[in-house]
Visitor: 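Encoded as structure tokens, here's the structure I'll be asking about.
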Amino acid sequence: KASLAARGSAVRLFPGEALNFKKGRWYFGFNKTKRQRVKDGTEFVMNLANTVESWQTFVDGRPRFAPLAYVVNGEGRAPREEMGQLDESKWDVGDDGTPMDPVQAITVCPIRHKGKTDLHHITLGSVSSRIAFDNLLGDWLDQYEANPGKLPVVRLLEAEERQTRDGKMSYLVPAFEIVGWEKITT
């Protein structure tokens, strides 16, 4: 029997709209014409204990996922090979002329705007956004025991510009800051 994740678009896996980081800015939604910009400084309550990671690809324009793994359990993603699409000669080619893997690592966390009840989720697909999120997870773990029964309130900070090791390219890295804690409500 196929898991919910393996069925992909047959079931809505994540709540509400997706908050994602694209070219140094935060947006709700993926569609370029419909997405809404989210300002730096916006605060979200994040349920970091329910963060999952997986592999994502698209089949007929619809997302497909490998089985989801909870980050706090240390499960780790399934092997990349389980998603197929391993023949690099069939991959699209990027601006730099190298093949682009159609299967991407993603991290997803349930969120809601501070002071509101509608659930959404943050989707982190780029390496830089996942590194920034790993740093946030470290901060959360450092403060978690001092805040039992609470979820962190996280502020989106202005993206930082960084250089590649060879100095030939710059890229933007998102940043997060825990600014408070809210009691878990049901």
Visitor: If you compare all heavy atoms of L172 against all heavy atoms of F21, which two are closest, and at what distance to 0.1 Å?
Guide: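 Shortest heavy-atom separation between L172 and F21 comes out as O-CE2, 3.6 Å.
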
Visitor: With the 4.5 Å side-chain cut-off for hydrophobic clustering, are W181 and L136 part of the same group?
Guide: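 Yes, one cluster joins them.
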
Visitor: Using modelled atom types only, decide if a donor and an acceptor are shared between the side chain of S170 and the backbone of Q163 within a distance under 3.5 Å.
Guide: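 It does not hold such a pair.
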
Visitor: Would a distance-only check, ignoring hydrogens and angles, find a side-chain to backbone donor-acceptor pair under 3.5 Å from D87 to S89?
Guide: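 At least one qualifying donor-acceptor pair exists.
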
Visitor: Answer with yes or no whether the hydrophobic clustering places F65 together with M83; edges join I, L, V, M, F, W, Y residues whose side-chain heavy atoms lie under 4.5 Å apart.
Guide: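 Cluster IDs for F65 and M83 differ.
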
Visitor: Compute both the distance and the angle, then confirm whether R77 meets the cation-pi test with W55: under 6.0 Å from the six-membered ring centre, within 45 degrees of the axis.
Guide: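 Yes; both conditions hold, so R77 lies above the ring face of W55.
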
Visitor: How many angstroms lie between OG1 in T42 and NZ in K114, if you round to the nearest 0.5 Å?
Guide: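 Between atom OG1 of T42 and atom NZ of K114 there are 12.0 Å.
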
Visitor: Measuring from atom CH2 of W140 to atom CG of N135, what distance do you get when rounded to the nearest 0.5 angstrom?
Guide: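 W140 CH2 to N135 CG: 15.0 Å, rounded to 0.5 Å.
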
Visitor: Mind listing the closest non-hydrogen atom pair of L48 and C109 along with its distance?
Guide: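 Shortest heavy-atom separation between L48 and C109 comes out as CD2-SG, 3.8 Å.
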
Visitor: Provide the closest heavy-atom pair for F58 versus P63 in the form atom of the first, atom of the second, distance.
Guide: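 Reported closest heavy-atom pair: CD2-N, 3.6 Å.
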
Visitor: Distance under 6.0 Å and angle within 45° of the ring axis: does R35 meet both against Y27?
Guide: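 Relative to the ring axis of Y27, which defines the angle, R35 lies inside both limits.
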
Visitor: Quick one, R80 with E82, criterion salt bridge (charged side-chain N to carboxylate O under 4.0 Å, His left out). Give me CA distance, side-chain angles, the key distance, then yes/no.
Guide: CA-CA 5 Å; R80 159 65 181 87; E82 287 186 17; over 6 Å; no

Visitor: Any side-chain heavy-atom pair from E81 and L86 closer than 4.5 angstrom?
Guide: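 They are in contact (side-chain heavy atoms under 4.5 Å apart), so the answer is yes.
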
Visitor: Can you check whether P99 reaches V93 side chain to side chain, under 4.5 Å on heavy atoms?
Guide: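 P99 does not reach V93 side chain to side chain.
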
Visitor: Set out, in order, the CA-CA distance, both residues' side-chain angles and the distance that settles side chain to side chain contact (heavy atoms under 4.5 Å, CB included) for M46 and I122, then state yes or no.
Guide: CA-CA 9 Å; M46 293 188 167; I122 185 170; 4.1 Å; yes

Visitor: What distance separates R155 CZ from F44 CZ, expressed to the nearest 0.5 Å?
Guide: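 Rounded to the nearest 0.5 Å, the CZ-CZ separation comes to 12.5 Å.
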
Visitor: Go through L156 and E177 one step at a time and tell me if the side chain to side chain contact (heavy atoms under 4.5 Å, CB included) criterion holds.
Guide: CA-CA 7 Å; L156 304 179; E177 176 185 25; over 6 Å; no

Visitor: Report the distance from atom OG1 of T51 to atom CD1 of I111, rounding to the nearest 0.5 Å.
Guide: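 Output value for this atom pair is 10.5 Å.
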
Visitor: Strictly distance-based, threshold 3.5 Å: is any side-chain N or O of H121 a donor or acceptor partner for the main-chain N or O of P15?
Guide: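 Flag set: sc H121 to bb P15 pair under 3.5 Å.
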
Visitor: Just checking, any donor-acceptor pair under 3.5 angstrom between side chains of Q104 and T57?
Guide: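 No, no side-chain donor-acceptor pair sits under 3.5 Å.
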
Visitor: Kindly check if the number of other-residue, nucleotide or ligand heavy atoms within 6.0 Å of CG (D95) is above 12?
Guide: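 Not buried by this count: 12 neighbours or fewer within 6.0 Å.
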
Visitor: Can you list everything that forms a side-chain hydrogen bond (donor to acceptor under 3.5 Å, both in side chains) with S126? Sequence neighbours excluded, please.
Guide: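 Here the qualifying residues are S128, S129.
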
Visitor: Could you walk me through whether L124 and V108 pass side chain to side chain contact (heavy atoms under 4.5 Å, CB included), step by step?
Guide: CA-CA 6 Å; L124 304 147; V108 181; over 6 Å; no

Visitor: With rounding to the nearest 0.5 angstrom, report the CE to CD distance, M100 to E88.
Guide: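 These two atoms lie 12.5 Å from each other.
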
Visitor: Which pair of heavy atoms, one from I184 and one from L151, lies closest together, and at what distance?
Guide: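 Shortest heavy-atom contact: CG1-CG, 3.6 Å.
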
Visitor: Please report the shortest heavy-atom distance between E53 and G76, naming the atom on each side.
Guide: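 Looks like OE2-CA, 3.4 Å.
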
Visitor: For K39 versus R37, what's the shortest heavy-atom pair and its separation?
Guide: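 Distance-wise, the nearest heavy atoms are CA-NH1, 3.9 Å.
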
Visitor: Between L19 and T123, does a side chain to side chain contact (heavy atoms under 4.5 Å, CB included) hold up when you go through it step by step?
Guide: CA-CA 6 Å; L19 175 67; T123 300; over 6 Å; no

Visitor: Please check if the side chain of N73 supplies one atom and the backbone of A69 the other of a donor-acceptor pair under 3.5 Å.
Guide: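 No: the side chain of N73 does not pair with the backbone of A69.
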
Visitor: Atom NE2 of H120 and atom CZ of F14: how far apart are they, to the nearest 0.5 Å?
Guide: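 Interatomic distance, H120 NE2 to F14 CZ, rounded to 0.5 Å: 15.5 Å.
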
Visitor: Looking at W91 and Q85, would you say the former's side chain and the latter's main chain have a donor-acceptor pair under 3.5 Å?
Guide: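 Side chain of W91 to backbone of Q85, a donor-acceptor pair under 3.5 Å: yes, one is there.
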
Visitor: When clusters are formed by joining ILVMFWY residues with side-chain heavy atoms under 4.5 Å apart, either directly or through shared neighbours, do I106 and F28 land in the same one?
Guide: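 The answer is no; the residues belong to distinct hydrophobic clusters.
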
Visitor: So for atom CG, which belongs to D142, do other residues, nucleotides or ligands contribute more than 12 heavy atoms lying within a distance under 6.0 Å?
Guide: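 Buried by this count: over 12 neighbours within 6.0 Å.
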
Visitor: In terms of hydrophobic clustering (I, L, V, M, F, W, Y; side-chain heavy atoms under 4.5 Å; direct or indirect links), are L157 and I131 co-clustered?
Guide: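 Result: no, two separate clusters.
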
Visitor: Examine Y70 and L119 and state if one hydrophobic cluster contains both, with Ile, Leu, Val, Met, Phe, Trp and Tyr joined whenever side-chain heavy atoms are less than 4.5 Å apart.
Guide: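 Different hydrophobic clusters.
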
Visitor: Kindly check if the number of other-residue, nucleotide or ligand heavy atoms within 6.0 Å of OH (Y144) is above 12?
Guide: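 It does not: Y144 OH has 12 such atoms or fewer within range.
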
